[in-house]
Amino acid sequence: MNIQEAIKEAGKQKRGITRKSWGPNPIWIIPTNTTSCIVIMKNDKKNWCSLES
C-alpha cells in the first residue's frame, strides 16, 4: 500500500499510521481535518508537532 492510500484509510478509521522500518519507537502520522492536515507524534507521547500544508 502506498502512503496516500494508507493516509486515506487511516483517516476513515480514525487511526494513525507508522512503518515497521522506523524501528522500535517510531513516529505516528495521524491525519486530521484541520488546516495542519496531519499531526506527527513520537511513540513516547510527550513530544509532538504538526506540519502546515
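- Formation of a donor-acceptor pair under 3.5 Å by the T18 side chain with backbone atoms of W28 is not found in this model.
- At least one side-chain heavy atom of I7 sits under 4.5 Å from a side-chain heavy atom of I29.
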- [ ] Using the side-chain contact (heavy atoms from CB on, under 4.5 Å) rule, take I3 and I17 through it: C-alpha gap first, then chi angles, then the decisive distance, then the call.
- [x] CA-CA 9 Å; I3 193 76; I17 66 167; 3.7 Å; yes
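- In this structure, Q4 places its CD atom where only 12 or fewer heavy-atom neighbours from other residues, nucleotides or ligands lie under 6.0 Å away.
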